[in-house]
Amino acid sequence: MNNNTILIRYGEIFLKGNNRSYFESLLIKNIKSALNGINYDIEKVGSRIYIDNYTEEDEIKEKLKFIFGIHSYSICKKCESNEEDIIKTSLSLAKSEGSFKIICNRADKTYPQTSLEVAKNIGGIILSKYPNLIVDIHNPDWTITIDIRENKKVYIFKDIITGAGGMPVGCSGSGLLLLSGGIDSPVAGILMTKRGMKISALHFHSYPYTSNMAKEKVISLAEKISSYSYDINLYVVPLTKIQEEIHKNIPEEYMITMMRRFMMRIAEKIALKNSLSCIITGESLAQVASQTIEGITSSNSVVKYLPILRPLIGLDKSEIIEYANKFDTFETSILPYEDCCTVFLPKKPAIHPKLEKIVDLENKLNINELEDDALKNIELIYIKKNM
């Protein structure tokens, strides 16, 4: 077994009041789920979570990067809470060159020395062994942190690895993500997952106008999202017949607006049937014609019971691409397989559609029949967590 200990810190959870234990337990549950198949021990002491007695350190470190709720973590040397062991362990981590500083956190107030006294003492001993070292408390080449905890153990480490942040998945209900093959919607889904929401996904495809490769691309994006989330139910709904009817009966400039209204109605029906509490989209205000305030108003008006969350609404494209690269979805999103939104694409879509006009045009379509037919042919794909 590895002699190291992994110390896990959480951020926002610490601010919770009397129900903080719920969020802590959920985070531990998610850590255990992510580390399924790996041998280790886990315990919570105070406001820290510790992983001990493990063998697969690199694999654990890689998996921890995807767990929302973790603020940071460190690979530590653990020792007993006495001066001799602290000195020995600190010296084992010290370098013989460069500049350094010692930091001490003393959660155990019964330890006989103050944090400052411990830091000064250990720093002096390290200097006496390596006289070429320089103390630099502002910009050191390396740092040793000594964490004296309430369980009479001391955790000593050099590096702090930034975690995914956010809240544990599962603490904020569940939502249905409209997942296209583009850049925006996978980012929107992961950002809602970061806020603790469990995600299911809905994809509309237009076979034979779109290829099976476009569908496989979306499955790959759902797998990317599942790296941060629980397993995902991906609902795939055929939109071909609806688009053909829109193309035959609706003026070209209103086709995208009409299609979005069908999507939102179908999304709400699927969400309600599966006890999902909201609809999530990757819309960004004014990015494309359907995402003007009038286009968004038109889409909103057909959803009767659920909120629609748009986490990207105020971001520009460069910011969204930055997130997509961070979440490792960008390269998949730009694969050249077009989705349903490119079928029958009008040359000049209506930028400021009037709701009254859209409702009037919609009377030319048998809405209920078209939606029922699409829902009868829904395909459910179970995406297993890829952690």
Indicate the atoms forming the closest heavy-atom contact of [X] with [Y], along with that distance.
{"X": "Pro311", "Y": "Thr281", "result": "CD-O, 3.6 Å"}
{"X": "Trp142", "Y": "Glu97", "result": "NE1-O, 3.0 Å"}
{"X": "Ile70", "Y": "Leu27", "result": "CG1-CD1, 4.0 Å"}
{"X": "Gly69", "Y": "Tyr10", "result": "O-CB, 3.3 Å"}
{"X": "Met258", "Y": "Ile358", "result": "CE-O, 3.9 Å"}
{"X": "Lys153", "Y": "Ser81", "result": "N-CB, 4.4 Å"}

Whether [X] side chain and [Y] backbone form a donor-acceptor pair below 3.5 Å:
{"X": "Asn377", "Y": "Asp373", "answer": "yes"}
{"X": "Ser226", "Y": "Glu223", "answer": "yes"}
{"X": "Ser33", "Y": "Asn30", "answer": "no"}
{"X": "Asn274", "Y": "Ile270", "answer": "yes"}
{"X": "Arg106", "Y": "Tyr111", "answer": "yes"}
{"X": "Asn249", "Y": "Glu245", "answer": "yes"}
{"X": "Lys217", "Y": "Leu335", "answer": "yes"}
{"X": "Thr89", "Y": "Asp85", "answer": "yes"}
{"X": "Ser220", "Y": "Glu216", "answer": "yes"}
{"X": "Tyr40", "Y": "Glu56", "answer": "no"}

Considering only heavy atoms from C-beta outward, does the side chain of [X] approach that of [Y] to under 4.5 Å?
{"X": "Tyr305", "Y": "Leu272", "result": "yes"}
{"X": "Cys104", "Y": "Ile148", "result": "yes"}
{"X": "Thr143", "Y": "Asp159", "result": "no"}
{"X": "Ile122", "Y": "Ile144", "result": "no"}
{"X": "Gln291", "Y": "Leu285", "result": "no"}
{"X": "Leu35", "Y": "Ile51", "result": "yes"}
{"X": "Leu133", "Y": "Ser99", "result": "no"}
{"X": "Ile6", "Y": "Leu64", "result": "yes"}

Give a yes or no on whether a salt bridge exists between [X] and [Y], defined as a side-chain N under 4.0 angstrom from a carboxylate O.
{"X": "Arg20", "Y": "Glu24", "result": "yes"}
{"X": "Arg149", "Y": "Asp108", "result": "no"}
{"X": "Glu371", "Y": "Lys269", "result": "yes"}
{"X": "Glu294", "Y": "Lys354", "result": "no"}
{"X": "Lys88", "Y": "Glu83", "result": "no"}
{"X": "Lys95", "Y": "Asp141", "result": "no"}
{"X": "Glu379", "Y": "Lys215", "result": "yes"}
{"X": "Glu362", "Y": "Arg261", "result": "yes"}
{"X": "Lys357", "Y": "Glu253", "result": "no"}
{"X": "Asp136", "Y": "Lys101", "result": "no"}

Applying the 4.5 Å side-chain criterion to the ILVMFWY set and letting contacts propagate, would [X] and [Y] be lumped into a single cluster?
{"X": "Ile219", "Y": "Val236", "result": "yes"}
{"X": "Val118", "Y": "Phe157", "result": "no"}
{"X": "Tyr235", "Y": "Leu370", "result": "yes"}
{"X": "Phe327", "Y": "Leu312", "result": "yes"}
{"X": "Leu178", "Y": "Val302", "result": "yes"}

Could you give the distance from [atom1] ([X]) to [atom2] ([Y]), rounded to the nearest 0.5 Å?
{"X": "Phe330", "Y": "Asn325", "atom1": "CZ", "atom2": "CG", "value": "6.0 Å"}
{"X": "Ile232", "Y": "Lys198", "atom1": "CD1", "atom2": "NZ", "value": "8.0 Å"}
{"X": "Ile383", "Y": "Leu221", "atom1": "CD1", "atom2": "CG", "value": "10.0 Å"}
{"X": "Leu276", "Y": "Ser200", "atom1": "CG", "atom2": "OG", "value": "4.5 Å"}

task: For Thr329 and Val187, run side chain to side chain contact (heavy atoms under 4.5 Å, CB included): C-alpha distance rounded to whole Å, both residues' side-chain angles, the deciding distance at 0.1 Å, then the answer.
output: CA-CA 8 Å; Thr329 59; Val187 172; 4.2 Å; yes
field: Aromatic ring proximity Phe262/Phe204, centre distance under 6.0 Å
entry: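 No - the distance between ring centres of Phe262 and Phe204 does not fall below the 6.0 Å cut-off.
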[Y] versus [X], side-chain donor and acceptor atoms under 3.5 Å:
{"X": "Lys77", "Y": "Ser90", "result": "no"}
{"X": "Asp41", "Y": "Tyr50", "result": "no"}
{"X": "Asn4", "Y": "Glu57", "result": "yes"}
{"X": "Asn39", "Y": "Tyr54", "result": "no"}

message: Pair Thr292, Ile296 - check side chain to side chain contact (heavy atoms under 4.5 Å, CB included), show working.
response: CA-CA 6 Å; Thr292 61; Ile296 290 171; over 6 Å; no
field: Mutual orientation of the aromatic rings belonging to Tyr228 and Phe68 [parallel < 30°, tilted 30-60°, perpendicular > 60°]
entry: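 Tyr228 vs Phe68 ring planes: parallel.
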message: Quick one, Lys158 with Ser74, criterion side-chain hydrogen bond (donor to acceptor under 3.5 Å, both in side chains). Give me CA distance, side-chain angles, the key distance, then yes/no.
response: CA-CA 8 Å; Lys158 292 174 68 177; Ser74 297; over 6 Å; no
- prompt: Think Arg9 forms a cation-pi with Tyr155, using NZ or CZ under 6.0 Å from the six-ring centre and within 45 degrees of its axis?
  reply: no
